[in-house]
Protein chains: 2
Amino acid sequence: MARPRQATSTDVARQAGVSQATVSVVLSGVRSNIRVSDATRRRVLAAAADLGYAPHPAARALRQRRSGAIGFLPRPERGLPFEHPIHYLLSIHTARAALDRGYQLVEAGVETDALRGSDALVQFLVNRRVDGVLFDGPRTAAEVRRVVDRGLPAVQILRPRPDVATPTVTVDAAPGIAAAIDHLVGLGHRAIAFLGKSGAAPVDRARLDAFTAATARRGLAIPGDYIRLIAGDYGLEHGRALTRELLALPERPTAIFAASDSLALGAAHALYEAEVRVPAAMSLISYDDTLAPQLYPPLTGVAQPFAAVAERAIALLVDQIERSDGPAAEPERVVLPTRLNVRRSTAPPAAGQASDDVVGGARGGQGARPMA
Amino acid sequence: MARPRQATSTDVARQAGVSQATVSVVLSGVRSNIRVSDATRRRVLAAAADLGYAPHPAARALRQRRSGAIGFLPRPERGLPFEHPIHYLLSIHTARAALDRGYQLVEAGVETDALRGSDALVQFLVNRRVDGVLFDGPRTAAEVRRVVDRGLPAVQILRPRPDVATPTVTVDAAPGIAAAIDHLVGLGHRAIAFLGKSGAAPVDRARLDAFTAATARRGLAIPGDYIRLIAGDYGLEHGRALTRELLALPERPTAIFAASDSLALGAAHALYEAEVRVPAAMSLISYDDTLAPQLYPPLTGVAQPFAAVAERAIALLVDQIERSDGPAAEPERVVLPTRLNVRRSTAPPAAGQASDDVVGGARGGQGARPMA
DNA sequence: ATGAAAGCGCTAACAA
DNA sequence: TTGTTAGCGCTTTCAT
């Protein structure tokens, strides 16, 4: 019930019979082993342990002019939390990676009424005096520049703005998607549909390009209406709508590749409603691999290495923070590979589904790309 | 590219032609309107806006002896993030609620190798000098006492330790579960199974008790083998196993109530595997209602009011922090109701499923409770 | 109505 | 090898 004031370094000093500064040197000084005699060191350590001493973060931050905090600005997403599992994973992994290096993660994504718009969010972090900022898919280049121009270290992940020179950590969709196509072709599929997103974002484009390249390499001719793109964002309801369109085609595909977990979830809904069994009547592969393992059946999926992305990004950021010698001439660009996790949503096509008939046309040709 | 040092209150003072103390009074003093002349106030405000001034959090914390941070110790959970969607929701909602009141949430759940065991996590928060701690289902009473004995405000939510006197915010399962049973009975179900968890935790007990009370009130006699409890924690694989047991019974139930979303997810897996269509051949209701809306079909579910829990809990905590006049004699206990969200996993039982035949025995009797 | 001054707990430069 | 000192930016008496 007492309110035992937390011990300060002065308390430790008194108990150890040394000066307060000595305590500081022993407990946090870089050169403590050189500077301080062994006997003194031991006495200080013992006193600190005895009193349960821990340095006061605010005092330390004030003096060092470093908060020990890293700002995280997640990608803006609308909708329910579980429509955006990626955010949860990134949040957890970046927080952990930061903690492992002695930093605390301050996230600007939890919007409150007082904080609207990206400028306000950046300002929020700057006002918190974070030592650096991690951007996941910044809304604008200006937003990143505001941070960089302040002299604050910044790193961009997953969907970087190419027009701002910061280190980046991104993911290469190609290896995982190639493996996915190989897997499907190996099972006997030739009529494979793609559910994705149109638009200029390189990341979304890359998924389609990887699909196109992988199918072409395996000699599949994918008809244009097997490639269905939505104009809006990834979202469950879009996945459902696109899948309904696929099912309405005269020649159904035997497998669907969805360029995001939420599209795959929507596809699963549509297939369930239409009583098309997965994987017996339709194979389904998703990209992201966050929710996918929890569906029934658990989906075969192309996994993004979120933990590794977070770790590398935090490492790059901390390096910038702790290396005082200006920014490197050429900011580092880390690219991490995707990989395939085979689960239970893929199987050979049903006997009646003659893939060769379905696809038709010249084999080995490049799949047509639709307008939308 | 310049590194424009963030403006300090001294900068603002210089520009406004007043003393630094006056700036502080104007910008953060409680009695600023009384003390300072209008003309001075305006000049200070203008200068502050002009320089983009924001107070330095560390300096303020150091001086005020309050960090402005609230610690959050989530319930320990093993497994993948998406086996524990509740954590995500609580995390988001508490962070937002804290922010709305000017506090920052520091979460101790993101375990790093350096932090193992609850004592270390509590210590982590104390060392961070949080102004109060929010506990979700503390592992031990000692853990809470360590915080309380330090004179730190504490609040427990969802699964409080009754043996420590802190304010609590909990959820009453009964209204939602009663509504769920009424809904099922209204559809014509009489053979309703319960998937839950055994053990001494009041919260888990309460769900079963609410189910038993609600079915009894509607005159249903639930046979003992319709009530299936796992000894371990809630988990997808348990839900699947229990559901397989149900499906193996000579007289299958026509509806399943799962006492958590993860159990429901497991049940959905098992039903899918057994080709038992939901809701045509089996109705399914879950408790928690986090993942449930995203399944196919979206599950009818009993929703816990997580946002409200977070808001009330933060309010109680902040009240304690900002009211200096000791702890109230009787800590406040807030109880919030659950409610039913009807979706598409519930429907009348199929024609062949004669509930009355299935249940048998005396009607109106209380359902037997199994050993396990 | 305003300013001067002290001090929160710490680190880092300098003295001894 | 250790101690002394200054000061990070702010809030809060206490004078004026």
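Values in this document were obtained by computation on a predicted structure and should not be read as measured data.
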Do the side-chain N or O atoms of [X] get closer than 4.0 angstrom to the phosphate oxygens (OP1, OP2) of [N]?
X	N	answer
B:Ser9	D:dC10	yes
B:Ser19	C:dT2	no
A:Ser24	C:dG9	no
A:Ser37	D:dT2	yes
A:Thr40	D:dT1	no

For [X], what residues pass the salt bridge (charged side-chain N to carboxylate O under 4.0 Å, His left out) criterion, not counting sequence neighbours?
X	answer
B:Arg128	none
B:Arg65	none
B:Arg14	B:Asp11

NZ/NE/NH1/NH2 to OD/OE distance under 4.0 Å, A:Arg323 and A:Asp319: yes

N/O to N/O distances under 3.5 Å, protein versus nucleotides 14-16 of chain D:
none

Interface with DNA chain C, restricted to residues 52-62 of chain B and to heavy atoms under 4.0 Å: B:Leu62

Which residue lies more 5' along DNA chain C, comparing B:Arg65 with B:Asp38 via nearest heavy atoms: B:Asp38

Aromatic plane relationship, B:Tyr88 with A:Tyr88 - under 30° parallel, 30 to 60° tilted, over 60° perpendicular: tilted

A:Thr10 side chain to A:Gln20 side chain, donor-acceptor N/O pair below 3.5 angstrom: no

Partner residues of A:Ala47 under the side-chain contact (heavy atoms from CB on, under 4.5 Å) criterion, sequence neighbours left out: A:Val12, A:Gln15, A:Ala16

